[in-house]
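Below is one structure, written out as structure tokens; comments come after it.
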Amino acid sequence: NLTKGILKMNKILIQFGLLIFCFSLIFFSQRGMPLQDVVMKSFIVFISLTIVLSVVVLFVFKMLNKNESLTAVDSKKSE
């Protein structure tokens, strides 16, 4: 169940990263930069944002998983 959640979240992160890539294409192209610089900087923004968000999501999923396992153990102790 956790792996399905992570796979869905990765798909959402990639789509969000592509959205930011498109926005950064527009942002950098409006500054009058050459096309090669626009694409390169937008790609760097896409890669860095996707990596950072993936690490954050993995951290959150591990914390949620740890909390679920703790609550399951605590409920067994109380029985």
Please answer: with hydrophobic residues joined when any side-chain heavy atoms are less than 4.5 Å apart, are [X] and [Y] in the same cluster?
{"X": "Ile14", "Y": "Val57", "result": "yes"}
{"X": "Leu25", "Y": "Leu35", "result": "yes"}
{"X": "Phe16", "Y": "Phe27", "result": "yes"}
{"X": "Ile44", "Y": "Val38", "result": "no"}
{"X": "Phe43", "Y": "Ile51", "result": "yes"}

Practice item. Indicate yes or no: at least one non-hydrogen side-chain atom of Phe23 is less than 4.5 angstrom from one of Val45. Key: no
**Study point:** Any side-chain heavy-atom pair of Ser42 and Phe28 under 4.5 Å
**Key:** yes
Review point. What pairs with Thr50 under side-chain hydrogen bond (donor to acceptor under 3.5 Å, both in side chains), at least two apart in sequence or on another chain?
Key: none
**Study point:** Residues that Leu58 engages under side-chain contact (heavy atoms from CB on, under 4.5 Å), provided they are two or more places apart
**Key:** Ile6
**Study point:** Ile47, Val52, Leu53 screened by side chain to side chain contact (heavy atoms under 4.5 Å, CB included) with Leu49, the one that passes
**Key:** Leu53
Point to revise | Verdict with reasoning, Gln15 to Leu19, per side-chain contact (heavy atoms from CB on, under 4.5 Å) | key: CA-CA 6 Å; Gln15 290 175 350; Leu19 178 68; over 6 Å; no
Exercise for review: Could you give me the CA-CA distance, side-chain angles and deciding distance for Phe46 and Leu18, then say whether side-chain contact (heavy atoms from CB on, under 4.5 Å) is met?
Suggested key: CA-CA 7 Å; Phe46 165 71; Leu18 288 173; 4.0 Å; yes
